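Since the structure comes first, as C-alpha cells, the remarks are kept for the end.
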Amino acid sequence: GDSVTQMEGPVTLSEEAFLTINCTYTATGYPSLFWYVQYPGEGLQLLLKATKADDKGSNKGFEATYRKETTSFHLEKGSVQVSDSAVYFCALKRPGANSKLTFGKGITLSVRP
Amino acid sequence: EAGVTQFPSHSVIEKGQTVTLRCDPISGHDNLYWYRRVMGKEIKFLLHFVKESKQDESGMPNNRFLAERTGGTYSTLKVQPAELEDSGVYFCASSQEGHFSGNTIYFGEGSWLTVV
C-alpha cells in the first residue's frame, strides 16, 4: 500500500539556519505530493504541493521538488524564523478523483531566537 | 469564503460516554473526509463521503464509530461508547469533486477529544 516516510524528529534550529526535512514515499502510479503544516493551537494548513515529476512547490520561503527517481519530496527553507515553529506533515494523494491523503508521521520543528 | 469548520474544538468526556463531532465543509465541496491523529502518531484516514454516500470507510477503527452526512452537507462523527484510546485530534477536510489528484484538500482546525 501507499506510505510516506519522514525523518525522525524533533528538530531544533537557531533562527536563520537552513532547514531540510526529508520525505520519501511509496505509491503506485503518479501521486500528487503535499506538505501540510500545523502551527501551535491551529489546524492543518496546506503549505505547498507538486503534482508531477520535477515540479517544485513553493510558499512562504519553503520549497520542495517532486523527485520521481528517488521517490522524494524533501522540504527546504534557506533561513528559518521563530514563527516557522510547527509540526510538518508530508503526504501523498493517488491519481483519481476521490482518492484520500496518506500522511507521514509528522516532524516537530522548533526554532529558537 | 468560510473554511472547513468543526465543533466542538475541545471535548473532555469520561470513558463510556458518547461524543458527537460535527463538520461543516466548504460550501460546494462534495468530498468530505474524516482523519484522526492520536498523540505523536501519523494522521490516519477514517472515511470519505462523496455527497451523502460513503465512498471509503476502510479507516474506521471499529463499530463504536458512526459517521453520517445526511443531505450531503454537514457531517457528524459519533463515538459511542468512548474508550481511552479514542483520545486524539479529529480532523475534517473537504475538497471539490474532480478528476485531478492535485485538487487541494482543505482541513478544519480539528476537534481535540480527551477521554478520561
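Predicted model, so just to flag it, every value in this text is computed and none were measured. The sequence lines fix the lettering, A, B, ..., with proteins before strands; numbering per chain opens at 1.
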- Message: With a strict 4.5 Å heavy-atom criterion, list every residue of residues 108-116 of chain B that contacts chain A, or say none.
- Response: Gly108(B), Glu109(B), Trp112(B)

- Look up atom CG in Leu47(B) and atom CZ in Arg69(B), then write down how far apart they are to the nearest 0.5 Å. 10.5 Å

- Note on the structure: Listed by number, the residues in residues 104-113 of chain A that come under 4.5 Å of chain B (heavy atom to heavy atom) are Gly104(A), Lys105(A)

- Query: With the threshold set at 4.0 Å, does a side-chain nitrogen-carboxylate oxygen contact exist between Lys52(A) and Asp54(A)?
  - Reply: no

- Using a strict cut-off of less than 4.0 Å between a Lys/Arg side-chain nitrogen and an Asp/Glu carboxylate oxygen, indicate whether Lys56(A) and Glu63(A) qualify as a salt bridge. yes

- Message: Suppose we screen for salt bridge (charged side-chain N to carboxylate O under 4.0 Å, His left out). Which residues come up paired with Lys77(A), at least two apart in sequence or across chains?
- Response: Asp84(A)

- Message: If I measure from the heavy atoms of chain B, does Gln45(A) come under 4.5 Å with its side chain, its backbone, both, or neither?
- Response: neither

- Task: Check whether the ring centres of Phe103(A) and Tyr35(B) lie less than 6.0 Å apart, and answer yes or no.
- Result: yes

- Item | Residues which pass side-chain hydrogen bond (donor to acceptor under 3.5 Å, both in side chains) with Tyr106(B), listed by chain and number, not counting sequence neighbours | none

- Message: Would you say the rings of Phe73(A) and Phe34(A) are close, in the sense that their centroids are separated by under 6.0 Å?
- Response: no

- Query: Have Lys49(A) and Thr104(B) got a donor and an acceptor in their side chains that come within less than 3.5 Å?
  - Reply: yes

- Under a 4.5 Å heavy-atom cut-off, does chain B meet the side chain of Leu46(A), its backbone, both or neither? side chain

- Item | Sub-4.5 Å side-chain heavy-atom contact between Pro61(B) and Phe65(B) | yes

- Check: Gly88(B) main-chain N/O paired with Arg37(B) side-chain donor or acceptor under 3.5 Å: no

